[in-house]
Novice: 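Following this message is one structure expressed as C-alpha cells.
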Amino acid sequence: MPAHPLWPQGWQIETHDTLPSTQIRMSEWAEQDAPERSLVWAKAQSNGVGRRGHQWVSPPGNLYVSFLLCPKVTVSRVPELGFVISLAVLRALEEYLPDNKKAALLLKWPNDVLLEGGKIAGLMLECVPHGVIIGLGVNLNQCPTDTPRPATALAAHGASVDVAEFLARLLVCLDNVYALWQTDGFAPIRTAWGTRAAFQPGDRIDIHLPHENFSARLTAWEDNGALRVTLDDGSVRLIHAGDVFFFSPPNCGK
C-alpha cells in the first residue's frame with residue numbers, strides 16, 4: 001500500500017492485509033535491526049494478542065499496529081511509554097468526536113482508553129535488545145461483544161473513520177507527545193494523563209494482580225506513574241503493574 005499523504009515523515013511503515021500478529025512481525029523486523037519508528041500495520045489479525053496473553057479480536061475495520069521506539073532511558077522508565085502512547089491515542093480519538101462526547105474519553109491505568117466506559121483502545125509494551133515494541137489496537141468501526149468488560153468503537157458514537165487516515169493522525173499526535181516526553185521528562189505527561197484518568201484520588205477501585213485481587217482507595221499517582229492505594233486496614237501499597245477496574249461491591253445475597 002502506498003504511503004498515506006498525511007503520514008508524517010520519519011516513519012517506516014510495512015502494511016499487510018492480514019497477519020497472525022503485528023507484534024510477532026515487528027519482533028522479527030527488530031531482530032533485523034529495524035530503525036526507530038518502524039511500524040507494522042495489518043488490516044486484520046488471525047492471532048492478535050493483548051496484555052497478559054489475552055486475545056485481541058482483530059476483524060477488518062479497526063487499527064492493529066506494532067511499532068518500535070528506541071528512547072535513551074533506563075529500563076525503569078520504560079513503563080512511562082504506556083502513558084505517552086495512551087495519551088497520544090486519546091488525542092487522536094478526540095479529533096473524531098463532537099465536543100459533547102470528548103469528556104467521556106478517559107484513560108484507564110495503565111494502558112487502556114475508554115469511551116463512555118467501554119474499552120476502545122489497548123496497548124502492550126515489549127522490551128527488545130535495542131528498544132521497545134508497542135502493540136496497539138484501536139476499535140474504530142466495530143468492537144467485540146463477548147468480552148468480560150464492555151467494549152466500544154468510534155463508529156458506535158457516530159464517527160465515520162478511515163483507518164489509514166486515523167493512523168496518520170495518531171502518528172502526528174504520537175510524535176508530539178513522544179517529543180515532549182524526551183525533552184521535558186515524565187512530569188508533564190503524568191499531569192496531562194492524570195487530568196483524563198478514569199480513576200481519580202479518592203475513588204475506590206478493584207485491583208487484579210497475578211496472584212491476588214483486592215479493593216482499595218486510590219490515594220495518589222506516584223511520580224513514576226505507579227498507584228498509591230490505601231487498603232481497608234489503613235495500610236498503603238504501591239502498584240506498579242496490574243489491572244484496575246471500577247469498584248464492584250460484593251453481592252450481598254439480594
Side-chain angles (χ1 to χ4, degrees), residues 23 49-54 56 69-91 105-115 117-129 131-137 147-150 174 177-178 180-250:
Q23 199 77 356
V49 179
R51 290 180 61 246
R52 300 176 67 179
H54 295 162
W56 187 275
L69 295 178
C70 306
K72 292 178 172 55
V73 298
T74 61
V75 173
S76 64
R77 292 193 60 199
V78 167
E80 296 174 12
L81 276 174
F83 295 80
V84 171
I85 308 304
S86 58
L87 183 60
V89 172
L90 179 142
R91 290 181 175 175
L105 195 61
L106 298 173
L107 299 165
K108 186 174 85 66
W109 186 92
N111 295 330
D112 292 343
V113 184
L114 307 179
L115 179 54
K119 182 173 177 177
I120 192 169
L123 64 98
M124 59 182 290
L125 307 179
E126 178 185 349
C127 289
V128 293
V132 183
I133 296 175
I134 297 94
L136 172 65
T147 55
R149 302 280 175 172
L174 175 56
V177 181
Y178 185 55
L180 176 64
W181 178 64
Q182 290 184 304
T183 57
D184 292 6
F186 186 51
I189 305 299
R190 182 176 60 81
T191 298
W193 193 98
T195 62
R196 301 299 294 273
F199 312 109
Q200 294 294 331
D203 289 345
R204 192 168 180 83
I205 53 178
D206 286 331
I207 301 167
H208 294 193
L209 304 180
H211 303 294
E212 61 175 326
N213 300 331
F214 58 92
S215 63
R217 194 166 301 280
L218 176 61
T219 306
W221 308 106
E222 293 294 288
D223 289 345
N224 63 359
L227 304 183
R228 185 196 306 161
V229 300
T230 302
L231 280 63
D232 291 341
D233 63 4
S235 60
V236 174
R237 290 184 63 174
L238 294 182
I239 310 299
H240 296 275
D243 285 326
V244 176
F245 302 99
F246 294 100
F247 174 63
S248 301

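The shown structure was predicted, so the numbers you read here are calculated from the model rather than taken from an experiment.
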Novice: Identify the two heavy atoms, one from L227 and one from V244, that lie closest to each other, and give their separation to 0.1 Å.
Specialist: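 For L227 versus V244, the nearest heavy atoms are CD1-CG2, 3.7 Å.
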Novice: Between K108 and F245, is NZ or CZ placed under 6.0 angstrom from the six-membered ring centre and within 45° of the ring axis?
Specialist: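 Yes, a cation-pi geometry holds between K108 and F245.
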Novice: Are T219 and P201 packed together at the side-chain level, in the sense that at least one heavy-atom pair is separated by less than 4.5 angstrom?
Specialist: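 T219 vs P201: side chains apart.
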Novice: Taking the side chain as everything from C-beta on, heavy atoms only, tell me whether I239 gets closer than 4.5 Å to W109.
Specialist: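 I239 vs W109: side chains touch.
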Novice: What pair of heavy atoms forms the shortest contact from W181 to P71, and how long is it?
Specialist: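 Minimum heavy-atom contact is CZ3-CB, 3.6 Å.
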Novice: Considering residues at least two apart in sequence or located in another chain, which fulfil the side chain to side chain donor-acceptor pair (under 3.5 Å) criterion with D184?
Specialist: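 With neighbours one apart ignored, the set is empty.
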Novice: Distance check, rounded to the nearest 0.5 Å: D112 atom CG versus S86 atom OG?
Specialist: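 Going from CG on D112 over to OG on S86, the span is 8.5 Å.
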Novice: Give me the atom names and distance for the closest heavy-atom approach of G242 to L209.
Specialist: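 Closest approach of G242 to L209, heavy atoms only: CA-CD2, 4.0 Å.
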Novice: In the structure I gave you, are the side-chain heavy atoms of I133 and Q23 within less than 4.5 Å of one another anywhere?
Specialist: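 When only atoms from C-beta onward are counted, Q23 and I133 do touch, with a gap below 4.5 Å.
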Novice: Roughly how far, to the nearest 0.5 Å, is the CG atom of L90 from the CG atom of L106?
Specialist: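 Answer for the CG-CG pair, L106 versus L90, is 8.0 Å.
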Novice: Is any side-chain heavy atom of V229 closer than 4.5 Å to a side-chain heavy atom of V236?
Specialist: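 No. Closest side-chain heavy atoms not under 4.5 Å.
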Novice: Holding to side chain to side chain donor-acceptor pair (under 3.5 Å), I want the full list of residues that pass it with E212, two or more places apart in sequence or in another chain.
Specialist: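 Applying side chain to side chain donor-acceptor pair (under 3.5 Å) to E212 gives R237.
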Novice: Taking side chain to side chain contact (heavy atoms under 4.5 Å, CB included) as the test, write out the residues that go with N213, two or more places apart.
Specialist: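 In terms of side chain to side chain contact (heavy atoms under 4.5 Å, CB included), with neighbours along the sequence ignored, N213 is linked to H208.
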Novice: Can you list the steps and then say if F186 with D223 is a side chain to side chain contact (heavy atoms under 4.5 Å, CB included)?
Specialist: CA-CA 8 Å; F186 186 51; D223 289 345; over 6 Å; no
Novice: Search all heavy atoms of V89 against all heavy atoms of A121 and return the closest pair with its distance.
Specialist: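 Between these two residues, the closest heavy atoms are CG1-CB, 3.9 Å.
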Novice: Do L123 and L125 pass the side chain to side chain contact (heavy atoms under 4.5 Å, CB included) test, and can you show the C-alpha distance, the side-chain angles, and the key distance before you say yes or no?
Specialist: CA-CA 7 Å; L123 64 98; L125 307 179; 3.9 Å; yes
Novice: State which residues pass side chain to side chain donor-acceptor pair (under 3.5 Å) with S76; sequence neighbours excluded, sorted by chain then number.
Specialist: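 If we apply the side chain to side chain donor-acceptor pair (under 3.5 Å) test to S76, skipping adjacent residues, the hits are T74.
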Novice: Does some side-chain heavy atom of C127 sit less than 4.5 Å from a side-chain heavy atom of V78?
Specialist: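 Yes - at least one pair of side-chain heavy atoms lies under 4.5 Å apart.
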Novice: Tell me, which pairs form a salt bridge (charged side-chain N to carboxylate O under 4.0 Å, His left out) where one or both residues lie in residues 75-85, sequence neighbours left out?
Specialist: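 Listed once each, the pairs are R77-E80.
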Novice: Would you call L114 and I120 a side-chain contact if the rule is heavy atoms closer than 4.5 Å?
Specialist: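 Answer no - side chains too far apart.
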Novice: Partners of R204 by side chain to side chain contact (heavy atoms under 4.5 Å, CB included), sequence neighbours excluded?
Specialist: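 For R204, the residues satisfying side chain to side chain contact (heavy atoms under 4.5 Å, CB included) (neighbours in sequence not counted) are S215, R217, D232, F247.
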Novice: Taking all non-hydrogen atoms of both residues into account, name the closest pair between L81 and Y178 and its distance.
Specialist: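 Nearest pair, atom of L81 first, then Y178: CD2-CE1, 4.0 Å.
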Novice: So do the side chains of F83 and N111 get within less than 4.5 Å of each other, counting heavy atoms only?
Specialist: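 No, too far: nothing below the 4.5 Å cut-off.
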Novice: How would you list, by chain and number, every residue that makes a side chain to side chain donor-acceptor pair (under 3.5 Å) with R91, sequence neighbours excluded?
Specialist: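 Expected list: none.
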Novice: By side chain to side chain contact (heavy atoms under 4.5 Å, CB included), which residues pair with A226, not counting sequence neighbours?
Specialist: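 Side chain to side chain contact (heavy atoms under 4.5 Å, CB included) check on A226 returns E222, N224, H240.
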Novice: Taking all non-hydrogen atoms of both residues into account, name the closest pair between L218 and W221 and its distance.
Specialist: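 So the two residues come closest at CD2-CZ2, 3.9 Å.
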Novice: From R190 CZ over to T195 OG1, what is the distance, rounded to the nearest 0.5 angstrom?
Specialist: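 Result: 11.5 Å between the selected atoms.
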Novice: Can you find a heavy atom in the side chain of I85 that is under 4.5 Å from one in the side chain of L174?
Specialist: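 Yes - at least one pair of side-chain heavy atoms lies under 4.5 Å apart.
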Novice: Does the pair F246 and D206 meet the rule for a side chain to side chain contact (heavy atoms under 4.5 Å, CB included), with working shown?
Specialist: CA-CA 6 Å; F246 294 100; D206 286 331; over 6 Å; no
Novice: For D233, give me all partners under salt bridge (Lys or Arg N to Asp or Glu O under 4.0 Å), at least two apart in sequence or on another chain.
Specialist: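 Listed in chain order: nothing, the list is empty.
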